[in-house]
Amino acid sequence: MFGATGFTGALTAEYLAGVAGAAGGAGVVGGAGAGSWAIAGRSRAKLDAVRERLAADVPVIVADVNDPASMRRLAESTKVVITTVGPYSHYGEPVVAACAAAGTDYVDLTGEPEFVDLMWLRHHEQAQRTGARLVHSCGFDSIPYDLGALFTVGQLPREAPIKLEGFVRVGGTFSGGTLHSAVHIMSRLRQSRQVAEQRKRLEGRPAGRSVRGVTGLPHHDDTAAGWVIPAPTIDPVTVLRSARALDTYGPDFSYAHYIVARRLPVAAGIVAGVGTVVALAQLPPTRKALLALRDSGQGPSPDERAKSWFTVRFRGEGGGRRLVTEVSGGDPGYSETSKMLAEAALCLANDDLPERAGQLTPAVAMGQALIDRLLAAGIRFATVSSEETV
């Protein structure tokens, strides 16, 4: 667990301390007194404080992204590296590079599209050669959407075109790390588009099948029970990448992704607010002011997290069938994200998974095995309704 002294990293370590032994561990770290998992970071003193707070006899590894030798030792010492050290565009590549070189599986919780595309361009081929599975976005970005889409299309006839829409509703607050990552993404939209185009030219598209994203318009939707706004985040991109890789999504698959507001004024406020933040993120002085709103190590209190929740509702149509499914849980950004991230690592380490390597989405790397883990961990995947349309 690299980044165990950060806000989300500490929550992930706490989760692992509770379940890793029973689940079989996230890997084996060598050395005297080594257990089945370890915590890692730059500061030995802070790591010792985390270990003391966990009341767990867990090994401590000092590693720094600015020290390639320490990254190499970290990757070579384990089966899976979890990293929560972000923004990933600033601090993520040394971990990815070390895992790709060592053949070690990797999971993170990034929502940064530019970072994911750059890592594919720079490290995907080597990871394929070494057998490493590089799985980005294993938190609220993008597990509920990626696995929710897989859960839904699995109930539709695979020989027919499939139309899928996802509707996201959340209640909660955010940490300083999330704010810093979001501002960084918004400040680099042009560069992100350029890198995405470069990847698209090299990656290609599946032969004999059509997979496309749909950018809808804001509107009121009865299934979502509110006003829906297109959300051009990394999440629909992840869903579409899974659909391109797996023929279970049918010969002609489309996906549209929305966030939901119950009332029109709230929806209008979301649009205006996002536009304002994007504009402020373009200039260094205003960007600095945004980042100063919250330190990167700050996050919501336990009471605040206890009141938070998320629901992602999917509407799928294909082969004469229409169904509505739902993925839901508690605090999306932290409590459930740390659970998703830890269970993804445990899944890679311990479960019988398809023989795939390189940069993979959660659905492609783990699929139903991770759905089963998350169900057992308390995240709900359910079919709300199903009907014949012909």
Taking salt bridge (charged side-chain N to carboxylate O under 4.0 Å, His left out) as the definition, give me every residue that meets it alongside [X], ordered by chain and number, with sequence neighbours left out.
X: E336; answer: K339
X: R169; answer: none
X: R42; answer: none
X: R244; answer: none

Under 4.5 Å between any side-chain heavy atoms of [X] and [Y], yes or no?
X: E112; Y: I234; value: no
X: S242; Y: L150; value: no
X: L134; Y: M119; value: no
X: Y249; Y: V211; value: no
X: P232; Y: T215; value: no

What verdict does the side-chain contact (heavy atoms from CB on, under 4.5 Å) test give for S43 and T5, after you've listed the backbone C-alpha separation in whole Å, the side-chain angles of each residue and the deciding distance to 0.1 Å? CA-CA 8 Å; S43 169; T5 61; 5.7 Å; no
With sequence neighbours left out, write down each residue that passes side-chain contact (heavy atoms from CB on, under 4.5 Å) with T104, or none if nothing qualifies.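 By the side-chain contact (heavy atoms from CB on, under 4.5 Å) rule, T104 matches A75, T78, V81, C99, A102.
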Could you list the residues that satisfy side-chain contact (heavy atoms from CB on, under 4.5 Å) with D108, not counting sequence neighbours?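 T83, Y88, Y106, T110, F115, H136.
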Roughly how far, to the nearest 0.5 Å, is the [atom2] atom of [Y] from the [atom1] atom of [X]?
X: L360; Y: R133; atom1: CG; atom2: CZ; answer: 8.0 Å
X: W227; Y: R262; atom1: CH2; atom2: CZ; answer: 14.5 Å
X: E317; Y: L164; atom1: CD; atom2: CG; answer: 10.0 Å
X: N350; Y: R373; atom1: CG; atom2: CZ; answer: 6.0 Å
X: L346; Y: L16; atom1: CG; atom2: CG; answer: 6.0 Å
X: C138; Y: I143; atom1: SG; atom2: CD1; answer: 4.5 Å

Could you identify which residues cluster with [X], counting Ile, Leu, Val, Met, Phe, Trp and Tyr as linked when any side-chain heavy atoms lie under 4.5 Å apart, either directly or through a chain of such contacts?
X: V214; answer: none
X: W309; answer: none
X: L217; answer: none
X: V384; answer: V324

I would like to know whether V95 and V85 meet side-chain contact (heavy atoms from CB on, under 4.5 Å); could you show each step before the answer? CA-CA 9 Å; V95 193; V85 180; 6.0 Å; no
Common cluster, [X]/[Y], ILVMFWY with side-chain heavy-atom separation under 4.5 Å:
X: F167; Y: V170; value: no
X: F314; Y: L375; value: yes
X: V135; Y: V237; value: no

If you measure from the Lys or Arg side-chain nitrogens to the Asp or Glu carboxylate oxygens, is any gap between D105 and K79 under 4.0 Å?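 Here D105 does not pair with K79 in a salt bridge, since their nearest N and O are not under 4.0 Å apart.
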Salt bridge check, D48 against R44: does any charged N sit closer than 4.0 Å to a carboxylate O?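 A salt bridge links R44 with D48.
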E125 CD: over 12 foreign heavy atoms closer than 6.0 Å: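 Counting neighbours around CD of E125, 12 or fewer heavy atoms of other residues, nucleotides or ligands fall under 6.0 Å, so no.
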So which heavy atom on [X] is nearest to which on [Y], and how close?
X: G171; Y: P332; answer: O-CD, 4.3 Å
X: A13; Y: W37; answer: O-CH2, 3.3 Å
X: D117; Y: R241; answer: OD1-NH2, 2.6 Å
X: G318; Y: L156; answer: O-CD2, 4.0 Å

Walk me through it: do R321 and E388 pass the test salt bridge (charged side-chain N to carboxylate O under 4.0 Å, His left out)? CA-CA 5 Å; R321 178 176 293 276; E388 302 295 327; 2.5 Å; yes
Taking only residues at least two apart or on different chains, which pairs with a member in residues 200-209 satisfy side-chain hydrogen bond (donor to acceptor under 3.5 Å, both in side chains)?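 Non-adjacent pairs meeting side-chain hydrogen bond (donor to acceptor under 3.5 Å, both in side chains): R199-E203.
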What I want to check is whether the side chains of [X] and [Y] have a donor and an acceptor closer together than 3.5 Å.
X: Q155; Y: T383; value: yes
X: T223; Y: R315; value: yes
X: T238; Y: T361; value: no

Is there a side-chain contact (heavy atoms from CB on, under 4.5 Å) between T84 and M1? Walk through the geometry before answering. CA-CA 8 Å; T84 56; M1 173 60 247; 3.5 Å; yes
Using a 3.5 Å cut-off and no angle test, enumerate the donor-acceptor pairs between side-chain atoms of residues 250-260 and protein atoms at least two apart in sequence or in another chain.
unit_1 : atom_1 : unit_2 : atom_2 : d
D252   : OD1    : R212   : NH1    : 2.4
Y255   : OH     : H257   : ND1    : 2.8

